[in-house]
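Report on the structure given below.
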2 protein chains.
Amino acid sequence: MSHVQSEKNDDFDLQNFLPFLLNQASERASLEFQSVYKGRYGMLRTEWRVLFHLGLFGEMTAKDIGERAKMHKTKISRAVAKLEQRRYLKRTRDEADRRAEWLALTPAGQTVYRDLRNVAANYDARLSSLFNEEEAALLRHMLQRLAGLD
Amino acid sequence: MSHVQSEKNDDFDLQNFLPFLLNQASERASLEFQSVYKGRYGMLRTEWRVLFHLGLFGEMTAKDIGERAKMHKTKISRAVAKLEQRRYLKRTRDEADRRAEWLALTPAGQTVYRDLRNVAANYDARLSSLFNEEEAALLRHMLQRLAGLD
DNA sequence: GCTTGTTAGTTACAAAATCAACTATTACTC
DNA sequence: GAGTAATAGTTGATTTTGTAACTAACAAGC
């Protein structure tokens, strides 16, 4: 095991740099949950996100999902194709505006969604339990501000 | 937040799901900062991370960096090659264990590091200013716990 | 109507991340 | 000390993402 030089060259503290901290926390949180949707259903993060949005909000267009999840349209296009291919969702052309299509989960997709939603809720509760109620609420609030969601 | 389960469009709240929130906040924070090291020096996130670790901690091996930054060794290997090619770092074989090599910034690399460190510090201050001192400290503390860094 | 501009979504190609296999060296075991 | 396992780091193949160009449909101005 090699030895890390411990004298600091300056006073900048990487362990407290917010983008770094956010990234580390985010990676860790995503990774653990990822193993569930990947292991159980062979899904990627993009596919899980699309599935969740449809499960939560019902019918949406790809554009709607992109705006909500801040995902690029090519990612969504590919995720939708994959989910359709696995018969988790169906597309319906919008007859009023034939460029757009409405996406909705099939019964099979809804089953998968409900399963993952439960895992997600439990996982979220586990993460939250690292803090007391007040702290957890404040954390969510601060993250929403940082994310520009408030 | 409601605790009542309903069947259709249920009460699971994606906007409050921690992995999602962490991801959104992290992406936003990284993206803005990325434009600096990418625009100014054409660096990738992996390269910036390696540079920062070396700037902060002085000489390290690739393995050390991997453990600190939780980056996979292939990412590091490629980032190191790129930084070396740009003459931002030099490698020195460890004569006691000839498998390992010590990495250190060149003067040119240190100049780049100092520039980016200043930008980073300013950016961090700007993010932190969204909250009061107490909140910001708590946020960092909570993120460290979530990241498993404490 | 026709031209021009915009939007929803897809596709092709390039860049990057991931995973597995590889080399070289050191450590362990008998 | 020979043989096997483990470790530092690299390389190549595959998968995923990002960027730009594309198709098809609508919209607005004239």
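Just so it is clear: chains get the letters A, B, ... in the order the sequence lines come, proteins before strands, and each one is counted from 1.
- One atom, CE of Met71(B), and another, C1' of dA8(D), lie 16 Å apart when rounded to the nearest Å.
- Taking atom NZ of residue Lys73(B) and atom P of nucleotide dT7(D), one finds them 10 Å apart after rounding to whole Å.
- For Asp64(A), there are no salt bridge (Lys or Arg N to Asp or Glu O under 4.0 Å) partners, not counting sequence neighbours.
- Checked against side-chain contact (heavy atoms from CB on, under 4.5 Å), Ala81(A) has no partners two or more places apart in sequence or in another chain.
- Running 5' to 3' along DNA chain C, contacts with non-hydrogen atoms of chain B at under 4.0 Å begin and end at dA16(C) to dT26(C).
- Within a 6.0 Å sphere centred on NZ of Lys38(A), other residues, nucleotides and ligands contribute 12 heavy atoms or fewer.
- Looking at residues 18-37 of chain B, you'll see that no heavy atom sits under 4.0 Å from any atom of DNA chain D.
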Indicate every side-chain donor-acceptor pair of residues 39-47 of chain A with a distance under 3.5 Å to a residue at least two apart or in another chain.
| unit_1 | atom_1 | unit_2 | atom_2 | d |
| --- | --- | --- | --- | --- |
| Arg40(A) | NH1 | Asp115(A) | OD1 | 3.0 |
| Arg40(A) | NH1 | Asp115(A) | OD2 | 3.0 |
| Tyr41(A) | OH | Asp115(A) | OD2 | 2.5 |
| Arg45(A) | NH1 | Ser30(A) | OG | 3.4 |
| Glu47(A) | OE1 | Leu44(A) | N | 3.3 |

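- For the helix from dG1(C)-dC30(D) to dC30(C)-dG1(D), the terminal axes (five pairs an end, C1' atoms, rotation from four pairs onto the next four) enclose an angle of 20°, given to 10 degrees.
- Considering every non-hydrogen atom in both Glu59(B) and Ala104(B), the closest pair reads CG-CB, 3.7 Å.
- Contacts of residues 90-99 of chain A with DNA chain D (heavy atom under 4.0 Å): Ala96(A), Asp97(A), Arg98(A), Arg99(A).
- Residues passing the side-chain contact (heavy atoms from CB on, under 4.5 Å) test with Glu133(A): none are found, sequence neighbours excluded.
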Considering only distance and modelled atom types, tabulate donor-acceptor pairs under 3.5 Å from the side chains of residues 142-150 of chain A, sequence neighbours left out.
| unit_1 | atom_1 | unit_2 | atom_2 | d |
| --- | --- | --- | --- | --- |
| Gln144(A) | NE2 | Gln15(B) | O | 3.0 |
| Gln144(A) | NE2 | Asn16(B) | OD1 | 3.1 |
| Arg145(A) | NH1 | Leu130(B) | O | 2.9 |

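- Looking at Glu84(B) and Arg91(B), a side-chain N of the basic residue comes within less than 4.0 Å of a carboxylate O on the acidic one, giving a salt bridge.
- For Asp13(B) and Arg140(A), the salt-bridge test fails: no basic side-chain N is under 4.0 Å from an acidic carboxylate O.
- By the salt bridge (Lys or Arg N to Asp or Glu O under 4.0 Å) test, Glu95(B) pairs with Arg98(B), sequence neighbours left out.
- Remark: Phe17(A) pairs with Phe12(A), Phe33(B) by the ring pair (Phe, Tyr, Trp, His ring centres under 6.0 Å) rule, at least two apart or across chains.
- One finds the CZ atom of Arg126(B) at 9.5 Å from the CG atom of Asn122(B) (value rounded to the nearest 0.5 Å).
- A cation-pi geometry, defined here as NZ or CZ lying under 6.0 Å from the six-membered ring centre and within 45° of its normal, does not hold between Arg117(A) and Phe52(A).
- Between Lys73(B) and Lys63(B) there is no side-chain heavy-atom pair separated by less than 4.5 Å.
- Heavy-atom contacts from other residues, nucleotides or ligands closer than 6.0 Å to CZ of Arg87(B) number 12 or fewer.
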Between the protein and nucleotides 14-19 of chain D, which nitrogen or oxygen pairs come in under 3.5 angstrom?
| unit_1 | atom_1 | unit_2 | atom_2 | d |
| --- | --- | --- | --- | --- |
| dG18(D) | OP2 | Lys75(A) | NZ | 3.4 |
| dG18(D) | N7 | Arg78(A) | NH1 | 3.4 |
| dG18(D) | O6 | Arg78(A) | NH1 | 3.1 |
| dG18(D) | O6 | Arg78(A) | NH2 | 2.6 |

